[in-house]
Amino acid sequence: MQVQKYVAIAAAALIAGCNGSFGQIPGSASAARSARYANGSSPIQHIVIVLQENRSFDNMFHGFPGANTVDSGAGHGKRYQLQEIPLKWTVYDLNHSHTQFLEDYDQGKDDGFDSEITPKFKQGPGCSDPINHPACWVIYKTPKFQQMAYSYVKQSDVQPYWTMAQQYALGDNAFPSNNGPTYVSHQYLIAGESGHASEVPNGQPWGCGAQQTGPNKVTVELLEYGQADPPVFSKATGHEVDGPFPCFTYTTIADSLDAAGISWRYYVEGAGSGANLSAFMAIKKIYHGPDWKNVKSPDTAILKDIANNNLAQVSWVMPSGHKSDHPGPQSGNLGPSWVASIVNAVGQSPYWSNTAIVVMWDDWGGWYDHVHPPQYPDPQTKAREGLGFRVPLIVVSPYAKPDYISHQQHEIASTLRFIEETFALPFLGAGSGNTYADRRADGFDDMFDFTQKPIQFKPIPSKQKASYFLTHRDDTPADRY
């Protein structure tokens with residue numbers, strides 16, 4: 001049983017679906033969207049999506065002027081003052097499983113961050129199904145672990161992010177589309193669903209290249225509607241069950257892009273069987289088909305493609321460990337410079353005039369965030385699979401509203417909606433009634449103004465330049481669980 005295999009506890013605040021699909025997000029900017037596409041087209045011809053790792057908004061942008069942040073956070077019966085820590089945080093990788101989300105969420109009270117679930121769980125009478133019963137979980141009791149989630153990074157360590165946010169548009173109300181770890185979030189990034197997977201697979205790699213048979217067969221847990229045995233929580237809370245080999249056949253945005261003749265590439269450190277952030281590795285049609293050529297390695301190939309005037313119309317860029325912002329053993333402090341190098345490469349190229357760069361973080365990483373995440377029932381299973389705790393969002397473009405903070409609700413699947421709106425593509429699985437989150441998400445509508453004078457690019461200062469990343473390859477895994 002893997003460390004990350006925990007239970008689903010609580011969820012709340014659902015929005016009713018319409019016509020078998022997700023309900024509309026509160027505050028989605030339909031008027032802005034109508035104006036944006038009044039002529040049936042967009043000046044955006046290239047989209048670059050940069051996905052970083054494991055940070056909450058309160059952790060990354062604490063104290064950002066005008067943004068919704070706090071100085072302290074709720075725990076069980078007390079408040080914790082948020083402490084400043086360096087971005088490079090090798091001390092400990094906070095639990096960020098689906099179960100830890102639900103412990104943090106604490107049935108809507110959002111005060112469980114001081115209960116860090118250990119890799120162990122109790123056995124014996126009353127714990128026949130420990131991963132689905134909180135009474136079987138073992139919680140760290142030391143003050144060090146109770147305090148750790150209530151932290152924020154030094155502004156000086158992440159100044160390039162702050163500079164981007166000050167010059168362009170920052171979202172302080174963005175969420176992962178799932179309420180759990182990296183693997184699931186990355187499936188929502190490309191597909192708007194995860195096949196109901198709720199955790200990371202129980203072995204590596206995370207996809208079709210893993211061991212499919214025998215005692216070391218790799219599987220991934222699913223969240224099902226209904227109660228565990230014995231019953232502990234509501235049916236809507238759901239419970240985790242053993243699931244399938246993580247090689248799925250659901251529709252992804254690549255299908256839509258291919259059908260429309262729109263070019264795409266997915267950049268990752270190590271495109272082979274060991275690259276856990278190769279989300280398309282979990283898609284059978286891509287991994288075993290001709291589209292696998294669009295999964296490029298190393299991740300720094302994006303810099304060369306920009307320089308060679310070979311940028312695809314849609315690009316996803318995943319980081320390696322020291323560039324990822326992920327805490328724990330693989331932690332580094334290169335993330336802000338890495339993202340700045342991509343932004344600067346686009347900004348100083350002919351692509352600037354027609355490109356939008358979206359920077360997001362895939363999950364909260366276990367760090368405290370005070371904003372209550374809405375919970376939505378999956379329209380197929382009715383179990384509540386998302387949203388997760390708030391993550392940062394930055395939109396960089398000549399058409400991004402300058403020095404703007406968006407308080408509208410956005411999510412990881414908003415990247416899909418933005419691609420679909422920009423290139424006039426249909427929703428994923430339109431009309432099927434399946435689980436695609438692009439139908440509930442917005443497309444960052446309020447963060448753009450296509451009537452404004454395009455912003456003239458100014459390079460983002462950073463400690464390391466693109467030349468550093470091109471000559472110093474980092475093959476440290478970005479995420480291992």
Side-chain angles (χ1 to χ4, degrees), residues 2 4 48-55 93 96-97 176-178 180-195 197 199-210 218 220 246-248 252-254 264-284 286-287 291-303 312 314-332 334-335 338-339 341-342 358-365 388 391-392 412-413 415-416 469 473-481:
Q2 290 292 300
Q4 291 72 30
V48 178
I49 298 163
V50 182
L51 197 64
Q52 294 292 97
E53 289 279 309
N54 295 51
R55 296 287 172 171
D93 183 10
H96 45 280
S97 65
S177 295
N178 66 303
T182 286
Y183 173 80
V184 186
S185 182
H186 284 236
Q187 291 306 297
Y188 274 90
L189 179 75
I190 62 169
E193 68 156 307
S194 67
E199 301 286 4
V200 302
N202 65 358
Q204 298 184 34
W206 297 345
C208 303
V218 173
V220 65
C247 186
F248 296 102
T252 73
I253 192 64
W264 64 271
R265 292 192 187 96
Y266 187 100
Y267 298 90
V268 65
E269 176 56 46
S273 61
N276 283 343
L277 297 192
S278 294
F280 284 112
M281 185 191 293
I283 307 302
K284 184 176 183 179
I286 303 293
Y287 186 72
D291 266 353
W292 188 245
K293 68 181 184 300
N294 292 330
V295 179
K296 298 293 186 180
S297 174
D299 49 3
T300 52
I302 179 72
L303 301 174
V314 176
S315 301
W316 293 269
V317 187
M318 304 300 119
S320 59
H322 295 158
K323 304 195 296 279
S324 69
D325 302 331
H326 197 297
Q330 69 270 51
S331 181
L334 295 174
W338 164 240
V339 176
S341 73
I342 299 168
V358 179
V359 184
M360 295 190 78
W361 283 253
D362 65 354
D363 65 57
W364 86 118
V391 294
I412 290 289
T415 61
L416 294 172
F469 297 107
R473 184 170 179 177
D474 173 29
D475 58 1
T476 308
D479 203 342
R480 294 172 293 183
Y481 47 85

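What you see is a predicted model, and the numbers here were worked out from it, not measured in a lab. Quick note: numbers below take in every heavy atom, side chains included, and nothing from hydrogens, waters or symmetry partners.
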Q: Can you sort out the partners of Tyr266 under side chain to side chain donor-acceptor pair (under 3.5 Å), two or more places apart, ordered by chain and number?
A: none
Q | Partners passing side chain to side chain donor-acceptor pair (under 3.5 Å) against Ser320 (at least two apart in sequence or in another chain) | A | Lys323, Asp474
Q) Between Leu51, Asn178, Asp363, Ile412, which is the residue that forms a side chain to side chain contact (heavy atoms under 4.5 Å, CB included) with His186? A) Leu51
Q.
According to side chain to side chain contact (heavy atoms under 4.5 Å, CB included), who are the partners of Ala191, at least two apart in sequence or on a separate chain?
A. Glu193, Tyr250, Thr252
Q. Between Asn54 and His326, is any side-chain donor less than 3.5 angstrom from a side-chain acceptor?
A. yes
**Q.** Thr182 side chain to Glu53 side chain, donor-acceptor N/O pair below 3.5 angstrom
**A.** yes
Q | Atom pair CH2/CG of Trp264 and Asp291 - distance to nearest 0.5 Å | A | 4.5 Å
(Q) Can you give me the closest heavy-atom contact between Pro392 and Arg55, atom names plus distance? (A) CD-O, 3.4 Å
Q.
Among residues at least two apart in sequence or on other chains, which ones pass side chain to side chain contact (heavy atoms under 4.5 Å, CB included) with Thr415?
A. Ile49, Leu189, Val358, Met360, Phe444
Q) If you measure from CE on Met281 to SG on Cys208, what distance do you get to the nearest 0.5 Å? A) 8.5 Å
Q: Would you mind reporting whether Tyr267 and Trp316 have side-chain heavy atoms less than 4.5 Å apart?
A: no
Q: Return the set of residues passing side chain to side chain contact (heavy atoms under 4.5 Å, CB included) with Ala312 (not counting sequence neighbours), or none when no residue passes.
A: Ser263, Arg265, Ser315
Q | Which residues share a side chain to side chain donor-acceptor pair (under 3.5 Å) with Gln52, sequence neighbours left out | A | Tyr161, Asp325
